[in-house]
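Values in this document were obtained by computation on a predicted structure and should not be read as measured data.
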Amino acid sequence: MAAFNLTTSDPSTFILNGIPGLEDAHVWISIPFSIFYIVGLFGNFMLLFVVGKEQTLHKPMYTLICMLALTDIGTSTSVMPKALCIFWFNLKDITVSGCLTQMFFLHAISIMESAVLVTMAFDRYVAICNPLRYTTILTNVRIAKLGLVGLIRAVLLMLPLPLLLSRQPFCANRIIPHTYCEHMAVAKMSCGDTTVNRTYGLVMAFVVIGLDLTLVALSYSLIIRAVLRISSKKAYEKALNTCTAHICVMMTSFTLFFFSTLTHRFGQRITPHVHIILANFFFLIPPVINPIIYGVKTKEIRDKVVKYIWSR
């Protein structure tokens with residue numbers, strides 16, 4: 001495949017170098033990346049289509065699944081188009097404003113996804129611990145309001161990072177050894193003092209995830225206590241089964257997040273190309289796995305998807 005050398009010394013741009021040390025293999029690396037991206041888009045848009053089309057699925061739980069699908073589409077789309085342009089066409093240039101914009105949306109959507117997972121845990125808590133009041137406590141309007149709160153939280157928490165970086169002087173060497181504008185990678189391009197940026201970014205990541213994980217753990221501790229009181233084996237298994245999909249999605253998302261965050265800051269012994277590949281898969285794996293999990297574990301969605309596939 002032809003590659004166009006469009007690197008530049010323009011001070012208003014950064015150069016995303018892709019995967020250092022594996023430049024000759026960029027085209028081959030792009031194959032699994034593009035497959036994961038396309039499959040993730042297809043799966044999540046299928047979920048959105050089925051839930052939107054079926055009136056019987058216009059319920060809070062499925063609204064939350066759609067919100068999760070939107071965040072999955074958002075995170076992967078924030079990263080992959082630019083990464084594939086680097087792999088296929090060697091289009092490495094990105095303006096400083098474009099880089100900060102990508103960084104903002106990438107991390108803000110990730111924070112939003114964490115809020116959606118917390119709301120889903122609360123949804124399961126109400127469904128199991130207070131089923132008779134489920135329809136009055138959790139309505140579609142209330143879920144929409146909780147989603148708006150999560151969006152505002154994500155914007156307010158993330159906005160200081162690009163604003164602080166935009167005031168920093170950047171060095172002459174503007175080559176970022178990455179496929180996207182990750183906060184710490186961009187901060188390392190600064191010639192000024194980035195202590196505030198580094199501290200705020202690290203504290204924000206662990207406070208947000210720490211708070212969200214605490215709320216999820218609280219919800220599930222109450223769920224487990226309620227489930228253990230169920231005498232009927234059938235009801236016991238049904239209650240546990242309703243939580244399985246959410247637990248799988250949550251473990252996948254939070255495990256990958258912690259691994260990516262910790263290795264970027266403290267994993268000096270991990271070679272750069274390994275870290276960058278794994279960091280990209282952090283944004284590719286959940287969008288592929290989440291629709292599969294909900295498609296397999298949620299009977300209503302599975303039946304509707306099968307109906308639309310076989311009716312064609």
Between atom [atom1] of [X] and atom [atom2] of [Y], what is the distance when rounded to the nearest 0.5 Å?
X: L48; Y: C66; atom1: CG; atom2: SG; result: 5.0 Å
X: R133; Y: T135; atom1: CZ; atom2: OG1; result: 10.0 Å
X: I224; Y: Y125; atom1: CD1; atom2: OH; result: 13.5 Å
X: Q102; Y: E182; atom1: CD; atom2: CD; result: 10.5 Å
X: T179; Y: M80; atom1: OG1; atom2: CE; result: 6.0 Å
X: E113; Y: L68; atom1: CD; atom2: CG; result: 5.5 Å

For residues 153-161, which side-chain donor-acceptor pairs fall under 3.5 Å, sequence neighbours excluded?
unit_1 : atom_1 : unit_2 : atom_2 : d
R153   : NH1    : D212   : OD1    : 3.0
R153   : NH2    : I111   : O      : 3.4
R153   : NH2    : D212   : OD2    : 3.0

Considering non-hydrogen atoms only, spot the tightest contact between [X] and [Y] and give its length.
X: I293; Y: C248; answer: CD1-CB, 3.8 Å
X: I301; Y: G295; answer: CG2-CA, 4.3 Å
X: L106; Y: S78; answer: CD1-CB, 4.0 Å
X: L16; Y: C181; answer: CD2-SG, 4.1 Å

Can you check whether [X] reaches [Y] side chain to side chain, under 4.5 Å on heavy atoms?
X: L22; Y: I277; result: yes
X: R229; Y: R225; result: yes
X: L215; Y: F122; result: no
X: H58; Y: T56; result: no
X: I223; Y: C243; result: yes
X: N197; Y: Q168; result: yes
X: Y134; Y: P60; result: yes
X: F87; Y: I19; result: yes

By side-chain contact (heavy atoms from CB on, under 4.5 Å), which residues pair with L213, not counting sequence neighbours?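 So L213 forms a side-chain contact (heavy atoms from CB on, under 4.5 Å) with I209, F254, F258.
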If hydrophobic clusters are built from ILVMFWY residues whose side chains come within less than 4.5 Å, do [X] and [Y] share one?
X: L132; Y: L138; answer: no
X: M120; Y: V149; answer: no
X: M103; Y: V203; answer: no
X: L165; Y: L163; answer: yes
X: F104; Y: L202; answer: yes

Before you tell me yes or no, could you show the steps for Y180 and N280 under side-chain contact (heavy atoms from CB on, under 4.5 Å), namely the whole-Å CA-CA distance, both residues' side-chain angles and the distance that decides it to 0.1 Å? CA-CA 9 Å; Y180 62 87; N280 278 274; 4.1 Å; yes
Look at E54 together with K307 and state whether they make a salt bridge at an N to O cut-off of under 4.0 Å.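 So E54 pairs with K307 through a salt bridge.
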State plainly whether the residues D303 and K299 are in salt-bridge range, i.e. N to O under 4.0 Å.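 Between K299 and D303 there is a salt bridge, with a charged N closer than 4.0 Å to a carboxylate O.
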Does I176 form a side-chain contact (heavy atoms from CB on, under 4.5 Å) with C99? I'd like the steps, not just the answer. CA-CA 11 Å; I176 301 175; C99 189; 4.2 Å; yes
Ignoring hydrogens and geometry, is there a side-chain-to-backbone donor-acceptor pair from S190 to P169 under 3.5 Å?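 Confirmed, S190 side chain pairs with P169 backbone.
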Before you tell me yes or no, could you show the steps for V79 and L284 under side-chain contact (heavy atoms from CB on, under 4.5 Å), namely the whole-Å CA-CA distance, both residues' side-chain angles and the distance that decides it to 0.1 Å? CA-CA 9 Å; V79 173; L284 287 172; over 6 Å; no
Name of the residue among T244, I65, L117 meeting side chain to side chain contact (heavy atoms under 4.5 Å, CB included) with V249: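 Considering T244, I65, L117, a side chain to side chain contact (heavy atoms under 4.5 Å, CB included) with V249 is found only for L117.
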Where does the angle between the aromatic ring planes of Y220 and H246 fall among parallel (under 30°), tilted (30 to 60°) and perpendicular (over 60°)?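 Y220 and H246: parallel rings.
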Given S110 and F283, is the side-chain contact (heavy atoms from CB on, under 4.5 Å) satisfied, shown in steps? CA-CA 9 Å; S110 297; F283 296 109; 3.9 Å; yes
